[in-house]
Amino acid sequence: MTQPATHTLDAPGAVITYDVRPPSAPSAEPPLMLIGSPMDASGFVTLSGHFSDRTVITYDPRGTARSERTDPAPKSTPEQHADDIRRVIEAVGGPVDLFASSGGAVNSLALVATRPDLVRTLVAHEPPAVRMTPDHKDAEAAVLGIRRLYERSGLGPAMVKFIQIVSLQGPVPPGFAEEIGPDPSAFGLPTEDDGTRNDALLGQNLVTCCLYEPDFEALRAAPTRIVIGVGAESAGELAHRSGLGVAERLGLSPTVFPSNHAGFLGGEYGQHGDPVPFATTLRQVLAT
């Protein structure tokens, strides 16, 4: 696998770091951009290796890893992330094919709604837009409750509830966030509150990402080919169900990818999906 060249660019309120991996041989295909949120570029090392025949772009979303924020704002929005992605694509040269996971999928929908000319094909894998689920009122209340718990008690208790909700099978029950979760130490999380409230997931992106409502009219009118992906092993989970809701609103049939919500991982963060068939499916989708 070719080694990436690392670059930075200035954006309002942040300095964005991105990586460009050149193809192993000259390629007529557009660059392939792989994004998540708050997952940074380090989560796409395995998947990048399966596309050595193309230029591959990865980046760290603002407030994560190498992309430092330069403003004191307490949150980042999908629109801000979309503008950051736009800047990266324009710096490298687009249009691109875009694979976007989780919060990155939400941010990519915001991008395509405003700049469809920059994206040839968008594969949005399990966007956690919870307002698109049948139980959206309880799901939204749970998201807001987890954020309040974070503000009140810190990282450990709130992250436990986040882990519980993302792995929950079926509708979110009323009062979910108010139910006391397990001891954070059982998950390897801190039990003491260190007073910080700058976690990229719980502090910066959770509410703005999960409660984002895509501009479906703009997306349906866009020339970009949009594919909504869901995991074969994540059926019933909130992000999977949200993806189904987004696909329905766009009049699309979702594409089932192997494994789960993070099926492309090959050991990053100690997690293993099923990256070989995942990459094969992605390649087939992009070639369709």
Side-chain angles (χ1 to χ4, degrees), residues 1-23 27 29-71 73 75-125 127 200-201 204-205 208-209 212 214 218-219 222-227 264 268 282 286:
M1 182 173 61
T2 56
Q3 293 300 307
T6 299
H7 308 269
T8 62
L9 58 80
D10 292 327
V15 177
I16 304 300
T17 298
Y18 64 97
D19 303 310
V20 180
R21 289 175 171 83
S27 174
E29 293 294 329
L32 172 62
M33 190 169 187
L34 309 174
I35 70 171
S37 181
M39 182 180 286
D40 59 61
S42 64
F44 294 96
V45 173
T46 298
L47 189 57
S48 295
H50 289 281
F51 290 90
S52 60
D53 57 323
R54 301 176 64 157
T55 297
V56 176
I57 309 164
T58 54
Y59 94 121
D60 296 344
R62 61 172 54 216
T64 68
R66 303 164 296 171
S67 289
E68 297 184 0
R69 296 183 60 178
T70 58
D71 66 19
K75 63 182 180 181
S76 298
T77 67
E79 291 84 0
Q80 285 177 309
H81 289 298
D83 188 63
D84 294 341
I85 300 164
R86 171 191 67 81
R87 292 170 187 272
V88 172
I89 294 173
E90 289 180 340
V92 176
V96 301
D97 286 340
L98 180 57
F99 171 78
S101 169
S102 194
V106 170
N107 300 337
S108 70
L109 292 169
L111 171 67
V112 170
T114 57
R115 290 299 307 272
D117 57 301
L118 295 179
V119 183
R120 185 181 72 165
T121 297
L122 165 63
V123 182
H125 187 255
L201 170 62
Q204 184 177 328
N205 293 299
T208 55
C209 173
Y212 177 74
L219 292 170
T224 302
R225 174 175 170 247
I226 300 175
V227 177
F264 52 89
E268 295 90 339
L282 178 56
L286 294 175

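As the structure is a computational prediction, the values presented were derived from the model and not from experiment.
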Residues which pass side chain to side chain contact (heavy atoms under 4.5 Å, CB included) with [X], listed by chain and number, not counting sequence neighbours:
| X | result |
| --- | --- |
| P4 | D19, R21 |
| S76 | R62, R69, Q80, H81, Q204, N205 |
| P78 | V106, N107, A110, T208, Y212 |
| T8 | V15, T17 |

For this session: For T70 and E68, run side-chain contact (heavy atoms from CB on, under 4.5 Å): C-alpha distance rounded to whole Å, both residues' side-chain angles, the deciding distance at 0.1 Å, then the answer.
Result: CA-CA 6 Å; T70 58; E68 297 184 0; 5.6 Å; no
Sub-4.5 Å side-chain heavy-atom contact between [X] and [Y]:
| X | Y | answer |
| --- | --- | --- |
| V88 | I35 | no |
| V119 | P95 | no |
| P30 | V96 | no |

Got a second to check how far [X]'s [atom1] is from [Y]'s [atom2], nearest 0.5 Å?
| X | Y | atom1 | atom2 | answer |
| --- | --- | --- | --- | --- |
| L34 | S48 | CG | OG | 5.0 Å |
| L219 | S108 | CG | OG | 9.0 Å |
| L122 | L109 | CG | CG | 6.0 Å |

[X] and [Y]: which non-hydrogen atoms are nearest, and at how many Å?
| X | Y | value |
| --- | --- | --- |
| T114 | P116 | C-CD, 3.4 Å |
| A105 | P127 | CB-CB, 3.7 Å |
| F44 | D40 | CD1-O, 3.6 Å |
| C209 | G103 | SG-CA, 3.6 Å |
| A100 | G104 | CB-O, 3.4 Å |

For this session: Could you pull out all residues at least two apart from F51 that satisfy ring pair (Phe, Tyr, Trp, His ring centres under 6.0 Å)?
Result: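 Counting only residues at least two positions away or on another chain, F51 forms no ring pair (Phe, Tyr, Trp, His ring centres under 6.0 Å).
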Problem set entry | Non-neighbouring partners of Y59 that pass ring pair (Phe, Tyr, Trp, His ring centres under 6.0 Å), sequence neighbours left out |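 Result, ring pair (Phe, Tyr, Trp, His ring centres under 6.0 Å) vs Y59: none returned.
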Problem set entry | Partner set under side chain to side chain donor-acceptor pair (under 3.5 Å) for D83, not counting sequence neighbours | R86, R87
Problem set entry | Listed partners of T64 passing side chain to side chain donor-acceptor pair (under 3.5 Å), at least two apart |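 Listed in chain order: nothing, the list is empty.
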For this session: Show your reasoning for whether side-chain contact (heavy atoms from CB on, under 4.5 Å) applies to L111 and I89.
Result: CA-CA 11 Å; L111 171 67; I89 294 173; 4.0 Å; yes
For this session: Give every residue pair that meets the salt bridge (Lys or Arg N to Asp or Glu O under 4.0 Å) criterion with at least one member in residues 44-54, sequence neighbours excluded.
Result: D53-R283, R54-D97
Exercise. Please, which pairs that meet salt bridge (Lys or Arg N to Asp or Glu O under 4.0 Å) have at least one residue in residues 108-119, sequence neighbours excluded?
Worked result: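 The answer is E90-R115, R115-D117.
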For this session: Report the C-alpha distance between E268 and V45 in whole Å, list the side-chain angles of each, state the deciding distance to 0.1 Å, and finish with yes or no for side-chain contact (heavy atoms from CB on, under 4.5 Å).
Result: CA-CA 8 Å; E268 295 90 339; V45 173; 3.7 Å; yes
Exercise. Would you say the side-chain atoms of T121 pair up with the backbone N or O of L286, donor to acceptor, closer than 3.5 Å?
Worked result: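 Side chain of T121 to backbone of L286, a donor-acceptor pair under 3.5 Å: no, none is there.
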For this session: Show your reasoning for whether side-chain contact (heavy atoms from CB on, under 4.5 Å) applies to L98 and T224.
Result: CA-CA 10 Å; L98 180 57; T224 302; over 6 Å; no
Exercise. Once the angle between the rings of F99 and F264 is folded into 0 to 90°, is it parallel (under 30°), tilted (30 to 60°) or perpendicular (over 60°)?
Worked result: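 Aromatic pair F99/F264 classed perpendicular.
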